[in-house]
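So that the names make sense, note that chain A is the first sequence line, chain B the second, and so on, each numbered from 1.
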Protein chains: 2
Amino acid sequence: MTARAFHHGNLRAVLLDRAEAMLREVGTDGISLRELARQAGVSHGAPRSHFIDRQALLDTLAERGFDRLTDKLKSSMAAGDPFDATFHRVAHAYVEFAVQDAALMELMFAAKMADPPAHIQNAAERMFQTFDELIDLGHSDGVLSADAKYRLKLLFAVTMQGTATLTAARRITAAQGAALIDDATALILRAATEPTSRI
Amino acid sequence: MTARAFHHGNLRAVLLDRAEAMLREVGTDGISLRELARQAGVSHGAPRSHFIDRQALLDTLAERGFDRLTDKLKSSMAAGDPFDATFHRVAHAYVEFAVQDAALMELMFAAKMADPPAHIQNAAERMFQTFDELIDLGHSDGVLSADAKYRLKLLFAVTMQGTATLTAARRITAAQGAALIDDATALILRAATEPTSRI
DNA sequence: ACCTGAACACCGTTCAAGT
DNA sequence: ACCTGAACACCGTTCAAGT
């Protein structure tokens, strides 16, 4: 199989894999379509056959990021541990992902000028649905209203997202972030499970 | 005063103001030194006299962002309202800033590859110190330990940061973000003020 | 001290042409 | 259907030269 044949039909996948690596190594600004083409051994115009422009490639990276995070969160929920243990583990998994792939996380939660493409929105939606599944693990008995579950989910989401951002921006260390997640999850769980729930 | 004389001595300020506007209009990627020079009526090499490179200008924008946010938060704390009202108001002010200047906020909390410059770190530190002042408004009587205050501050910080990110990324609406801030601040305040504090 | 303008290397994007 | 390669416009950065 020659190098030419290797890229017959899977250049798209090669470009995405190399782009993910490049994202980790030099950040979003360092991603160049021409450099990507060079590394894949094709001409600089070749990527155009798979991505209409640079932003389309970045959008696809974001979509894949959401899918990978979804998988990671679902794995963290698989075990049959007590609810609060699962709750903690999912939160730590989320922050771990966000810190390890900080540049990717920025793409996933970028404040775009225009509306985000539907395929990213859908991937993000699937990720957020894992939070619903998580909450149902501990509250599927009808104690919490749908509204309460939704608010609980948002509290959970913003805590992890904020911790991830402050850790990636080096405002706090990973250890402080982990301790913070423990504090926050304990607080949220207490609010959700105590007799006179305020949530 | 001719256009030539106008830029004598304040090109730096003009560039920064135009860059801030450009940031809001077209985002970070849309900021071009050459376009900035064009708008300021100087040659494309002129910005070099004030910013060593493009990143240095973006760093300065981030620093100014922290300073402006610090001012806004301090203004929100000025009034002599009950503590919980002040707490809420500061939180809403933070998220309001973050949503209005979402692109700037990304610059301020960017996950850089290298270590952030000291002048940004210092500006960020001053901003976070307003949280200490805020907490001392309600807990300067020695009830909370220094460690508890620190953890309270982090809980507060990540809640706002996460809400800001999810709102800017259009995962939730501004109204949902505001309701979320109310939920979270109530939860945090309760944890900080109840007799058997868990914080 | 600050600004000009040519020069250089590198981009993203387009598109007719090849296979 | 996918890739090539020339062409175009636009960058960031450098630097000798001006004032």
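Under a 4.0 Å N-O distance rule, the pair B:E125/A:R171 qualifies as a salt bridge. A salt bridge links A:K74 with A:E133: the closest approach of a Lys/Arg side-chain nitrogen to an acidic carboxylate oxygen falls below 4.0 angstrom. Look at A:D101 and A:K72 and you find no salt bridge, because none of the NZ, NE, NH1 or NH2 atoms lies under 4.0 Å from a carboxylate O. A salt bridge does not link A:D84 with A:R190: every distance from a Lys NZ or Arg NE/NH1/NH2 to an Asp or Glu carboxylate oxygen is 4.0 Å or more.
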Could you go through the side-chain contact (heavy atoms from CB on, under 4.5 Å) check for A:Y94 and A:M105 one step at a time? CA-CA 11 Å; A:Y94 188 98; A:M105 203 69 176; 3.5 Å; yes
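Legend: residues meeting salt bridge (Lys or Arg N to Asp or Glu O under 4.0 Å) with A:E25, ordered by chain and number and at least two apart, are absent. When the side-chain contact (heavy atoms from CB on, under 4.5 Å) test is applied to B:A56, the partners found at least two apart in sequence or on another chain are B:F51, B:I52, B:D53.
The closest donor-acceptor contact from the side chain of A:E106 to the backbone of B:A111 lies under 3.5 Å. Using modelled atom types, one side-chain atom of A:R89 and one backbone atom of A:S76 make a donor-acceptor pair closer than 3.5 Å. Judged purely by atom type and a 3.5 angstrom limit, A:R151 has no side-chain atom pairing as donor or acceptor with the backbone of B:A179.
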Restricting both atoms to N or O, compile the protein contacts to nucleotides 16-19 of chain D shorter than 3.5 Å, with distance only.
none

Collect all protein-nucleotide pairs involving nucleotides 7-10 of chain C in which both atoms are nitrogen or oxygen and the distance is under 3.5 Å.
none

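Listed candidates were C:dT4, D:dC3, D:dG12. Nearest to the side chain of B:L33 is D:dG12.
The two atoms that bring B:T70 and B:A123 nearest to each other are OG1-O, 4.4 Å, heavy atoms only. Taking each heavy atom of A:A19 and A:L57 in turn, the nearest pair found is CB-CD2, 3.9 Å.
Distance A:I31 CD1 to C:dC11 P: 13 Å, rounded to the nearest Å. The CG-P distance, from B:L36 to D:dT13, rounds to 13 Å in whole Å.
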Given Watson-Crick and G-U pairs under 3.5 Å, DNA chain C in dot-bracket ([ ] crossing, | other strand) is ||.|||||...|||||.||
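Ring pair B:F131/B:F128: centre-to-centre distance below 6.0 Å.
Within residues 47-60 of chain A, the residues that have a heavy atom under 4.0 Å from DNA chain D are, in order of number, A:S49, A:H50.
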